[in-house]
> 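Shown below is the structure under consideration.
In this chain, residues are counted from 1 in sequence order. Keep in mind that this is a model prediction, so the values were computed, not measured.
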Amino acid sequence: MKKILYCLVVLTGLFALSSCDDDKRVDYRYLPAAIHEFVDTYFADVQVVKTEEDDDEPRYKVWLSNGFELKFYKEGGWQEVDGNWQVLPSALQIGILPGNLLTYTATEYPDAGIVEAARYSWGYQVELNTSPSIELHFNNDGEITMTDRH
């Protein structure tokens, strides 16, 4: 009887945790045109494997077959590109990041690559594939404001 009760408690807990997830699957076809343009421009030969809508943030999440995870603001502008430790393609970096941000990272960290980039109201955040990893913050003009080693 104790085993059955224990199993019920565990299952109830798992169900409660799974119901807290506010993300819901959404068909890629119905995402804003700006998201399609972004994916077509920078990941033309890569398959979209999953898309979700997050009502809390609000934003869309897109997972690609090459392991990249993309986040977009509700209107379709990019918020985050995470290569999961793969260096972001050069054309993508040039297309979405300020030139002086790219110059700074190439000059100060010549052996490192950008594996994650995010855009916020205050500026940009990039993560480098160094060991330990380095996170850099830049203002909207691409000027360095903070360095954080993990």
Side-chain angles (χ1 to χ4, degrees), residues 10-11 13-150:
V10 169
L11 289 174
L14 289 174
F15 178 74
L17 286 175
S18 68
S19 66
C20 291
D21 187 7
D22 290 328
D23 299 346
K24 61 183 176 187
R25 300 275 311 236
V26 62
D27 192 316
Y28 179 68
R29 294 177 294 183
Y30 303 117
L31 297 185
I35 295 174
H36 287 266
E37 291 171 21
F38 186 94
V39 172
D40 292 345
T41 300
Y42 300 115
F43 299 99
D45 298 328
V46 182
Q47 182 180 1
V48 172
V49 295
K50 181 180 172 185
T51 55
E52 288 183 348
E53 182 177 10
D54 184 347
D55 290 330
D56 280 349
E57 296 277 335
R59 67 177 176 207
Y60 295 104
K61 298 176 188 175
V62 176
W63 286 266
L64 304 176
S65 61
N66 64 355
F68 276 70
E69 296 177 26
L70 313 174
K71 293 180 184 172
F72 297 90
Y73 292 106
K74 200 66 163 180
E75 79 284 349
W78 77 275
Q79 179 187 21
E80 183 178 326
V81 178
D82 185 351
N84 286 307
W85 289 101
Q86 299 175 73
V87 175
L88 305 186
S90 296
L92 173 69
Q93 292 183 40
I94 293 167
I96 68 172
L97 297 171
N100 48 338
L101 179 156
L102 296 173
T103 300
Y104 177 87
T105 57
T107 303
E108 297 297 318
Y109 304 97
D111 298 328
I114 297 174
V115 295
E116 185 175 338
R119 179 173 62 170
Y120 302 101
S121 59
W122 49 263
Y124 299 86
Q125 175 182 315
V126 298
E127 186 168 348
L128 306 179
N129 63 349
T130 56
S131 182
S133 67
I134 296 174
E135 184 178 281
L136 304 171
H137 291 206
F138 298 84
N139 64 21
N140 283 307
D141 295 324
E143 299 163 342
I144 187 76
T145 59
M146 188 179 88
T147 302
D148 188 16
R149 298 179 193 284
H150 297 270

> Atom CD in Glu52, atom CZ in Arg59: separation rounded to 0.5 Å?
10.5 Å
> Side chains of residues 117-124: which donor-acceptor pairs under 3.5 Å do they make with residues two or more places apart or in other chains?
{"residue": "Arg119", "atom": "NE", "partner": "Trp78", "partner atom": "O", "Å": "3.1"}
{"residue": "Arg119", "atom": "NH2", "partner": "Trp78", "partner atom": "O", "Å": "2.7"}

> For the residue pair Lys74 and Tyr60, would you count it as a cation-pi contact if the rule is NZ or CZ under 6.0 angstrom from the ring centre and within 45 degrees of the ring axis?
yes
> Donor-acceptor check, side chain of Glu127 to backbone of Ser133, threshold 3.5 angstrom: yes or no?
no
> Hey, could you give me the CG/CD distance between Leu136 and Glu108, rounded to the nearest 0.5 Å?
9.5 Å
> Tell me, with the steps shown, if Leu92 and Phe43 meet side chain to side chain contact (heavy atoms under 4.5 Å, CB included).
CA-CA 9 Å; Leu92 173 69; Phe43 299 99; 4.0 Å; yes
> Applying side-chain contact (heavy atoms from CB on, under 4.5 Å), name anything that partners Glu69, two or more places apart in sequence or on another chain.
Trp63, Asp82, Asn84
> By salt bridge (Lys or Arg N to Asp or Glu O under 4.0 Å), which residues pair with Arg149, not counting sequence neighbours?
none
> Say whether, by atom type as modelled, one donor and one acceptor occur between the side chain of Asn66 and the main chain of Phe68 under 3.5 angstrom.
yes
> Who are the side-chain contact (heavy atoms from CB on, under 4.5 Å) partners of Asp111, not counting sequence neighbours?
none
> Just wondering, do Leu31 and Phe72 contact through their side chains at under 4.5 Å, heavy atoms?
no
> List the atom of Pro32, the atom of Gly76, and the distance in Å for their closest heavy-atom pair.
CB-CA, 4.2 Å
> Given side chains that start at C-beta, do those of Leu88 and Val115 come closer than 4.5 Å, heavy atoms only?
no
> List in chain and number order the residues that pass salt bridge (Lys or Arg N to Asp or Glu O under 4.0 Å) with Asp27, two or more places apart in sequence or in another chain; answer none if no residue qualifies.
Arg29
> Got a second to check how far Met146's CE is from His137's NE2, nearest 0.5 Å?
3.5 Å
> Decide yes or no on side chain to side chain contact (heavy atoms under 4.5 Å, CB included) for Asp55 and Glu53, but give the supporting numbers first.
CA-CA 6 Å; Asp55 290 330; Glu53 182 177 10; 3.7 Å; yes
> Pairs in or reaching into residues 84-112: which pass ring pair (Phe, Tyr, Trp, His ring centres under 6.0 Å), with residues at least two apart or in two chains?
Tyr104-Phe138
> Mind running side chain to side chain contact (heavy atoms under 4.5 Å, CB included) on Tyr42 and Val81 for me, showing each step along the way?
CA-CA 11 Å; Tyr42 300 115; Val81 178; over 6 Å; no
> How long is the straight-line distance from OH of Tyr73 back to CD of Glu80, given to the nearest 0.5 Å?
9.5 Å
> Quick one: do Ile114 and Val87 satisfy side chain to side chain contact (heavy atoms under 4.5 Å, CB included)? Show the steps, please.
CA-CA 5 Å; Ile114 297 174; Val87 175; 5.6 Å; no
> Using 0.5 Å steps for rounding, measure from the CD atom of Glu135 to the OG1 atom of Thr147.
10.0 Å
> Could you tell me which non-hydrogen atom of Val46 sits nearest to which non-hydrogen atom of Ser65, and how far apart they are?
CG1-OG, 3.5 Å
> Can you tell me how far CD1 of Ile144 sits from CG of Asn100, rounded to the nearest 0.5 angstrom?
10.5 Å
